[in-house]
2 protein chains.
Amino acid sequence: MSDDDWIPPPVLVAVDLVIFTLRDSVLQVLLVERGIEPFRGAWALPGGFLADDREDVLAAAHRELKEEADLDASRLHLEQLGAYGKPDRDPRGRVLSVAYLAIAPGLPEPRAGTDAAHATWTPVPDILDGRVRLAFDHHEIFGDGLEWARSKLERSALATAFCRETFTINELQQVYEAVWGLGLDSRNFYRKVQAAEGFIVPVGAERREGRGRPARLFKAGDRTTINPPLVRPAAEAREGKS
Amino acid sequence: MSDDDWIPPPVLVAVDLVIFTLRDSVLQVLLVERGIEPFRGAWALPGGFLADDREDVLAAAHRELKEEADLDASRLHLEQLGAYGKPDRDPRGRVLSVAYLAIAPGLPEPRAGTDAAHATWTPVPDILDGRVRLAFDHHEIFGDGLEWARSKLERSALATAFCRETFTINELQQVYEAVWGLGLDSRNFYRKVQAAEGFIVPVGAERREGRGRPARLFKAGDRTTINPPLVRPAAEAREGKS
DNA sequence: TCAAAAGTGTTAGTGATACACCCATGG
DNA sequence: CCATGGGTGTATCACTAACACTTTTGA
């Protein structure tokens, strides 16, 4: 903090959100189509400015989450990715953006009549292979968010946030496979998640869908960190399990 | 980004720095004593506001680093910890601070005549056990910085940033021990750091100081991530190595 | 009775820890 | 020649990937 009485320059503060969900076993991120310049017609992460100078930054993220994706705070993870403050990142002026990552269980298509009317879920692979380009520095924020989620899956119980109240181990595995972008051995996965104490707890019931033996149902445990961790493979093996 | 033409509230943006160094094999952090209210006489992290509305946030961190610790950008790591933006974190008004972590090799006592004249290196243990209290939310920032450094030591070549141009493996081990706050087996450490390809490269020379066999000298390699990682023990063992 | 999905057992390989041991140097 | 720190060899243990195998269901 400066000790003299010179007045520092004010800056506009915004929040941007990287909201991930899982739909049809594919990792998807929420994007909005910009209606005005700059970047009119381009895709961007949802976000917005602080509502007033008393609003907490995290609270602003929650408010935008509600406005843009109609998601309230229950069953939700919200984590700060960091601040993005390059002077030229917004051609309209000096804007510093604090980015947050949100994880949500499978969501329906955004509904008309809300702020999220022009928002759509976009498959993460479409962004990774360049088929969808993002405005501002949002590609960088998106990339940071994806890497954050991928690495957090290893040592935290984050994956259960993608699931509904109860879920099968196979559903949980599909979360890991979708976020990490690779295939896992279902039998080893089965034991690993159960060995992590407090990660998931059996709920007693079973679920039957189509053929095959019914799967036991689980719910998220109370621990937020899992031990031992589920470490993702370094770099090999795609698809083709068993 | 908001699509209407309402004017969002401006916020003052500051940077705060968690600057770690190693002195006498003890991890130390740079603190300044506040000369004005609020928190007059208390200890705080060095930092300051953006110089003008064109200054990059990272550039401001570099500038403060130069002003407060007389450190230029060479042989230096600077990483963003995140944004701290609670509305009441600064009693003077709305200030959002972007925190950075800096790592520096052993530094002399800050010199008089610079902005850092009233700054001092403070042992990290003194803060951890509550003997030194910090102003604002700086204890939280400090804690985040310490945990960041501890975990980054596992998979990145960060530790070499604490060392001088050339160093012995024992000096590198002292970095790990000081940051992690525990003792390591020197013989296993010796092999582990050399097994990590591109982490350190031998420089051919040796160093002799006092009795004992001379140690080979190394310099930092070109890789920034190390593989396999040096994982810190979960929770046991203090001091007493070998 | 067959295919498919859930769940179990077993083994070979990998890597880490602990520690015995040898090497080189200064006093 | 001995204390001290540098450096090497190796047994033991834990953990994991791979995969054969059994169980339970729907068609």
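Source: prediction; values computed, not measured. In what follows, every chain begins at residue 1, and chains take the letters A, B, ... in the order their sequences are listed.
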Check this one for me: any side-chain N or O of [X] less than 4.0 Å away from OP1 or OP2 of [N]?
X	N	result
B:K192	C:dG15	no
B:Y190	D:dT8	yes
B:N170	D:dG5	no

Indicate yes or no for a side-chain donor-acceptor contact from A:W180 to the backbone of A:R150 under 3.5 Å, with no hydrogens or angles considered.
->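 Flag set: sc A:W180 to bb A:R150 pair under 3.5 Å.
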So does B:D24 have more than 12 non-hydrogen atoms from other groups sitting under 6.0 Å from CG?
-> no
For atom NZ of B:K66, decide whether the heavy atoms of other residues, nucleotides or ligands shown that lie under 6.0 angstrom number more than 12.
->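 Atom NZ in B:K66 is packed in, count exceeds 12.
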Minimal heavy-atom distance between A:L45 and A:V29, with the atoms involved, is CD2-CG2, 4.5 Å
Nearest whole Å is fine: how far is [N] [atom2] from [X] [atom1]?
X	N	atom1	atom2	result
B:N227	C:dA16	CG	C1'	15 Å
A:F189	C:dA6	CZ	P	12 Å
A:I200	C:dA6	CD1	P	13 Å
B:Q194	C:dG15	CD	P	17 Å
B:R213	C:dA24	CZ	P	5 Å
A:R232	D:dA17	CZ	P	14 Å
A:N188	C:dA12	CG	P	16 Å
A:D185	C:dG7	CG	P	15 Å

Pair B:R232 + B:E147: basic N to acidic O under 4.0 Å =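 The answer is yes: the pair qualifies as a salt bridge.
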Between C:dT8, D:dT10, D:dT25, which nucleotide gets closest to the side-chain atoms of A:P214?
-> D:dT25
Choosing from D:dA18, C:dA6, D:dT8, which nucleotide comes nearest the side chain of B:R187?
->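 So the nucleotide nearest the side chain must be D:dT8.
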Name the residue closer to the 5' end of DNA chain C, choosing between A:F218 and B:P228 according to the nucleotide with the nearest heavy atom.
-> A:F218
Close aromatic pair by centroid cut-off 6.0 Å: B:F218 and B:F167 |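 Ring centres of B:F167 and B:F218 not closer than 6.0 Å.
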Does a donor on one side chain and an acceptor on the other come within less than 3.5 Å for A:T225 and A:R223?
->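 Per modelled atom types, A:T225 and A:R223 side chains form a pair under 3.5 Å.
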How is B:R191 classified with respect to the nucleic acid when contacts are heavy atoms under 4.0 Å: base, sugar-phosphate, or nothing?
->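 B:R191: base contact, heavy atoms under 4.0 Å.
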Would you jot down, in residue-number order, the residues of residues 150-158 of chain A having a non-hydrogen atom under 4.0 Å from DNA chain C?
-> none
